[in-house]
Amino acid sequence: MTAAPEIQAIADPVPGAGAPHLPAQPGSGPDFVQLLTPEGERVENADYALDISDDELRSLYRDLALVRRWDVEATALQRQGELGIWASLLGQEAAQIGAGRALGPQDMAFPTYREHGVAWARDVDPLHVISLFRGNDLGGWDPVARKFNLYTVVIGAQCLHATGYAMGIQRDAAMTEAPAAALAFLGDGATSQGEVNEALIWAATFSAPVVFFCQNNQYAISAPIETQSRVPLFQRAAGFGFPGVRVDGNDVLAVLAVTRAALARAREGSGPTFIEAFTYRMGAHTTSDDPTRYRLAGELEEWKLRDPIARLKAHLSRSGKADAAFFAAVDAEGDELAARIRKGTLEMPDPAGTEMFDHVYAEQTEEIAAQRASFLEYHAGFEGDEQ
Amino acid sequence: MTAAPEIQAIADPVPGAGAPHLPAQPGSGPDFVQLLTPEGERVENADYALDISDDELRSLYRDLALVRRWDVEATALQRQGELGIWASLLGQEAAQIGAGRALGPQDMAFPTYREHGVAWARDVDPLHVISLFRGNDLGGWDPVARKFNLYTVVIGAQCLHATGYAMGIQRDAAMTEAPAAALAFLGDGATSQGEVNEALIWAATFSAPVVFFCQNNQYAISAPIETQSRVPLFQRAAGFGFPGVRVDGNDVLAVLAVTRAALARAREGSGPTFIEAFTYRMGAHTTSDDPTRYRLAGELEEWKLRDPIARLKAHLSRSGKADAAFFAAVDAEGDELAARIRKGTLEMPDPAGTEMFDHVYAEQTEEIAAQRASFLEYHAGFEGDEQ
Amino acid sequence: MTTLTLGKALNSGLRKAMEDDPKVILMGEDIGRLGGVFRITDGLQKDFGEARVVDTPLAEAGIIGTAVGLAMRGYRPVCEIQFDGFVFPAFNQIVTQVAKIHARSRGRLPMPITIRIPFGGGIGAVEHHSESPEAYFAHTTGLKVVAVSNPADAYWMLQQAIACPDPVVFFEPKRRYWDKADVDLDETPPPLLSSRVVRAGDDVTLLAYGPMVKTALQAAEAAAADGQSIEVIDLRTLSPLDLGPVEESVRRTGRCVVVHEAQTTLGLGAEIAARVTESCFHSLEAPVLRVGGYDVTYPPSKLEEEYLPDLDRVLHVVDQVMGF
Amino acid sequence: MTTLTLGKALNSGLRKAMEDDPKVILMGEDIGRLGGVFRITDGLQKDFGEARVVDTPLAEAGIIGTAVGLAMRGYRPVCEIQFDGFVFPAFNQIVTQVAKIHARSRGRLPMPITIRIPFGGGIGAVEHHSESPEAYFAHTTGLKVVAVSNPADAYWMLQQAIACPDPVVFFEPKRRYWDKADVDLDETPPPLLSSRVVRAGDDVTLLAYGPMVKTALQAAEAAAADGQSIEVIDLRTLSPLDLGPVEESVRRTGRCVVVHEAQTTLGLGAEIAARVTESCFHSLEAPVLRVGGYDVTYPPSKLEEEYLPDLDRVLHVVDQVMGF
Ligand SMILES: Cc1ncc(C[n+]2csc(CCOP(=O)(O)OP(=O)(O)O)c2C)c(N)n1
Ligand SMILES: Cc1ncc(C[n+]2csc(CCOP(=O)(O)OP(=O)(O)O)c2C)c(N)n1
Ligand SMILES: [Mg+2]
Ligand SMILES: [Mg+2]
């Protein structure tokens, strides 16, 4: 990431600040897979050929635009007090749509709390994500039907779940089931959690069909990537014995190609891959955060030039693969989506108090049944009271 | 390690068993530092020159021989019911003496439960180690005076302590203290613990003056190294952004040279190093273990040819640097040491019951003071009773 | 009827569970080739293969975290934690994931995971090998927690725990692994989450679980010689608690003592004392008293006999509750 | 006298502690440049530098584990755990190392580590941001555990905790961070490990700590209107407990209620009920009753008001204990 001079200045006195910093922006070359330049130029990569139809390109654009629209609407709803908090994916649309679209129907995804784009690609109803941030539930979708796990808020915990799920796939395969893979999402900050490193170790030891998709958006709340690693994150995989690759996370085509290849490799029994999607969190960490306290505006301006949607739009229009009508249609669809999300949010019924007693166990205990009863009795006591 | 064919056979059906195995014995070359061959030939290594006097060579031999003698005696004492358990260092003497002798007086060592050789090099009274395994205390030596932490039984936990201690050294240095380094010991199994990987991450981020000394003795109780990693352990460090080196752990000279270099590098502010000492646990995991259940005798026979003491003895005698009288003297000293350990063990007084109340807190609480009092009162109640 | 040690009964229970359900998978350190440091899984890898009896890397969070994923894929993992003192690296996965995922998913992701933990002292071990961490788990909603005290319960309760659709933390009294008793392999066992009167009595109700049940029975035996009639109840389930039989008993005896190895403060005895006092207030002749480990760091093994509740300390407190 | 919010009082306490002792070091996620997600460390990195206010990698075990090493080197680390629900990755280091090293070394390695944890609910947060894990730590000997309820205690108790030679788990009532009160920066504060009567009364003794103290006082106020006289005690220290003032009070009132947000089963209320019943048995007109969180997974925020004890639930139980 670009460590702005001023932040540099602050950083120097800390012991160890001598260590190398990451490049402002990794150039292309084997260590940085890019298929679409920030200017919208299509470039080839020997290892990751992608032959893709114009329809597909347009539908990728549509996904990118719609999830951004959803994200903008959710942020507005939070500002208006309709959501408790919102974790914006602004700037990470390409990483998430690229990864999400690479998944096959048989694969299982394990998101963090920011993977709204992947949720979209897995056909999760945006309102089922909204309901979590509104405080109505802990995730409203069916993780089994959608093959998209519930959001995991404890940093990194889902990486072991994905690895275990992949071990299950291996065992089912022995019972001749269709090959599948697990896709674990994590952030750059998450790479410092012990459990995440254990997941890498287990995946390597059991050669499990799991792909670790790390969105390096340069920050863990206020902590720049140097806080977690002095060398590029993708390099860590080699030390555990499997391949790591760094892809331009703002290039939906490159992310799609790299993730597809890694999932295919996992499904065919060749083991795990670690993907570092090099991107940028263009918004605040969440609506509770104030990034001006720890990063400079200039940084954002620089990354705007690498906007994931703008570059695909440039490519589509310059190459004549999409016309003004198409973009207008997508915008209109975005407005409809936003309206549906807003309406659905405002009309969302509050959960019943008894809900909290009903899902603690598959086989409810007498203790909880009794507490549920006294809860009802207690509230019945207020019947008629003005309150 | 040598995965004997039979064990191989068992291993194959497990998912992931396709993955590569470690070489039977890493050859020399850049990836394997050796200064003394199993046959006792002195070889040179461009990166790790070691100029060492004959006196030093003899005193290294003496240390190796005496810690083995201590270890043998302790095992015998356990068999005779005088110790609850004993964790033998048999086969790892060179790794431990080499690392222990590389430490300067200002450095701090963080052992596991098997570093009796390092304890010896730190002038810890063997009886203060014995008392732990006898159940008299949780470690009898003064970790501050000896600059040798108490044994840490929870696998890997000490690696973070060493890293934090190193961060303290950095801060003292800012207050112009003498440069020092921390030396963390860990086993091959420990490399799978999340906390250990966190220690590597922290050491890299803060460029802390800590050296991780991993004795890869090929097993974690019954788990062969492949259970923890499919690639050489020393390679992991590079993924975290600092150097890793594999040294012949049965070659006391190579271990001494490599550890000295790493500690010097840390003290001068160049950051951490990960050392993999490639060795073999020639005995059982502990006196409670039965290795015949999980490994074949042939393996041990093979490693006997690489015995760490035999090769130095061969070198000393062949080169005429030590004569029969010297070896006889060391043997005699070993017998005296063994006798002193045995006598000291048998005469060791049991701790007083009140001991357990006296060190829970630096500032004892009224609660515990009260429990201590009732404990005494309760036992006073039995005075006179036969029992 | 067959005579089994508690350890062998667990081994047989595991074997039965694996035969009955191909989705049952065992995971843990050294459980395969070695058969576990206590040999509880002896022979199972040989018979069921490495895919179902998994020798894992040395990482407890990894064991539990991957078990969560396996459960999501439809498996029933049975995880062995090698010793009580080594469950803590997995605490995050157990408390924030295993215990919460059923509620988080509103029932869509059941977590039929069994976590076996050999617990308690008395075997002369070094640090971290003699802990009694059960209260941490009983204080964690979303988990079910049981402790076995004898071979028959070991055999049946382990199978019941594995069959349970909810996560069960299963405590095994390691110092009783070698105790023998008859096990009726054809009986219909009592429900998993039930406590049981193991000795009838009228003067005092004595509650215990795991390794202390034997101690409690010995105390009752000794007290009988002095004409004291102690009713002993084996709690068996620690969360949820099954206090019905306890309350019935205390209403008769008016006196109650709880014994466990764990440190007394906030141990199971605290919760039981609070509940029994609330439900039996007017029947109590004396406060519910507790015999537990002192509130100190588990001592070196030469001192553990002084640390652990034993027959004498139990009788001492029984006398206190009688004399109150 | 200065008027401070509880959050600002903590910030001032940290600043004072750092000025008084150069060995005091703050460590945590986002505590430096950002000043912490609750701004408790606001401005401290600017004034004391990055070597003393350390923005750490994202790893709680790392924070506590390196703090242990720093303590061994003579430093006094003050670690911030960002939210209650994220302390569990550090649980192994806290329970097996921080809590045991003093005993292990027989006093040669003191562990003057302060672990700050914002705890409790009521802020409408998502999962894991509203937990009350204090009982896990109070059940762990070797730790001292305190909870503050007001700005003055926040200012003084934090400095006392940092000065304490033993490890202190320091709970901060996050939903009260913005509450204001006068703080006398020159007073001599009461000892760290002491409880305090915060409202005198004769009919019922009501115990609380942290965020529930305010709720308890409101309940007492409301009850006074109905002629009920409730004595409110702020426990302040959860381990060790300081029950002297509680027992003195209960002997007068004969009735006792304990309130906390944490799940009721094996929460602090259990231990307090057990001890108070033992020490005040003959004075009690009714069993000690508990008002706590239900024994369920912390619910989504729309339901937390129904989950958390509030004025009405406290009064409801006060009525029960009066009517017993
Ligand atoms: C174990 C744990 N510790 C702390 C937190 C608080 N927290 C939430 S998000 C976050 C930063 C995560 O950064 P990163 O992994 O890079 O993901 P990003 O938010 O950038 O997508 C932190 C520290 C948490 N959720 N879990
Ligand atoms: C956290 C933890 N889990 C499990 C154990 C039990 N245990 C003791 S030694 C050991 C194997 C350690 O292997 P390794 O790290 O290679 O060290 P070695 O014993 O070979 O020297 C295990 C699993 C432990 N002590 N701590
Ligand atoms: Mg990030
Ligand atoms: Mg080993």
Side-chain angles (χ1 to χ4, degrees), chain A residues 108 110 132 137-145 149-154 156-172 174-175 180 182 184 193-195 197-199 201-206 208 210 351 355-368 370, chain C residues 22-23 25 27 49-52 54-75 77 89-90 92-93 95-97 99-112 141-144 164-167 192-193 237 239-244 275:
Chain A
M108 179 76 186
F110 293 81
L132 184 164
D137 55 43
L138 304 173
W141 64 94
D142 181 337
V144 179
N149 190 35
L150 291 174
Y151 280 0
T152 299
V153 173
V154 175
Q158 73 282 359
C159 293
L160 281 166
H161 305 165
T163 305
Y165 189 93
M167 290 168 70
I169 291 172
Q170 289 178 306
R171 284 157 177 75
D172 292 347
M175 307 172 190
Q193 280 290 353
E195 289 187 4
N197 292 274
E198 289 185 12
I201 289 162
W202 285 62
T205 290
F206 297 110
V210 57
E355 261 282 312
M356 67 179 148
F357 299 97
D358 296 340
H359 306 293
V360 180
Y361 295 104
E363 282 176 2
Q364 192 176 44
T365 63
E366 288 173 23
E367 285 178 358
I368 290 181
Chain C
K23 292 294 191 181
I25 284 192
M27 309 172 71
E50 293 206 355
R52 291 189 67 191
V54 184
D55 272 319
T56 68
L58 207 178
E60 289 73 15
I63 294 170
I64 304 300
T66 52
V68 167
L70 279 157
M72 289 176 172
R73 183 75 185 181
Y75 288 85
N92 179 54
Q93 282 289 336
V95 169
T96 72
Q97 303 303 314
K100 286 177 182 284
I101 284 173
H102 188 274
R104 184 181 302 155
S105 66
R106 283 179 298 171
R108 284 160 169 159
L109 296 173
M111 285 286 121
T141 191
L143 304 175
K144 289 173 176 176
C164 178
D166 295 302
L192 175 65
L193 304 177
T237 175
S239 179
L241 283 162
D242 175 33
L243 296 184
R275 290 198 198 180

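Keep in mind it's a predicted model, so treat the numbers as computed, not measured. Every chain is numbered from 1 and lettered A, B, ... according to where its sequence line falls, protein lines coming before strand lines.
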Pairwise side-chain contact, C:Tyr75 with C:Met27, heavy-atom cut-off 4.5 Å (strictly under) = no
Residue pair A:Thr163 / A:Trp202: nearest heavy atoms and the distance that separates them = CG2-CB, 3.9 Å
inquiry  = On a heavy-atom basis, which atom in A:Tyr165 and which in A:Met108 lie closest, and how many Å separate them?
reply    = CE2-CB, 3.3 Å
ask   = If you count heavy-atom pairs under 4.5 Å between each of C:Gly107, C:Pro167, C:Ala71, C:Gly142 and chain A, which one has the most?
value = C:Gly142
message = With a 4.5 angstrom heavy-atom cut-off, is it the side chain or the backbone of A:Ala157 that approaches chain C, or both, or neither?
response = both
ask   = With sequence neighbours left out, what residues match C:Pro240 under side-chain contact (heavy atoms from CB on, under 4.5 Å)?
value = A:Thr365, A:Glu367, C:Lys144, C:Leu193, C:Thr237
ask   = What part of C:Ser105 lies closer than 4.5 angstrom to a heavy atom of chain A: side chain, backbone, both or neither?
value = both
message = Quick one: does any side-chain atom of A:Arg171 pair with a main-chain N or O of C:Ala51 as donor and acceptor, under 3.5 Å?
response = yes
query = Relative to chain A, which segment of C:Leu109 carries a heavy atom at a distance below 4.5 Å: side chain, backbone, both, or neither?
reply = side chain
ask   = In terms of heavy-atom proximity below 4.5 Å to chain A, should C:Gln97 be classed as side chain, backbone, both, or neither?
value = side chain
task = Pick one of side chain, backbone, both or neither for C:Ile101, based on which atoms fall under 4.5 Å of a heavy atom in chain A.
result = side chain
key: Portion of C:Ile63 that has a non-hydrogen atom of chain A nearer than 4.5 angstrom   = both
key: Partners passing ring-ring contact (aromatic ring centres under 6.0 Å, His included) against A:Tyr151 (at least two apart in sequence or in another chain)   = A:His116, A:Trp141
task = Let me know if A:Val360 has heavy atoms under 4.5 Å from chain C in its side chain, its backbone, both or neither.
result = both
message = For the residue pair C:Asn92 / A:Glu195, report whether a side-chain donor-acceptor contact shorter than 3.5 Å exists.
response = yes
request  = Salt-bridge test for A:Asp172 and C:Lys23: reply yes if a basic N is under 4.0 Å from a carboxylate O, no otherwise.
outcome  = yes
ask   = What part of C:Ala67 is in contact with chain A, defined as an atom under 4.5 angstrom from a non-hydrogen atom: side chain, backbone, both or neither?
value = neither
inquiry  = Report which part of A:Gln158 has an atom under 4.5 Å of a heavy atom belonging to chain C: side chain, backbone, both, or neither.
reply    = neither
task = Considering only heavy atoms and a distance below 4.5 Å, find which of A:Val144, A:Ile201, A:Asn149 pairs most often with chain C.
result = A:Asn149
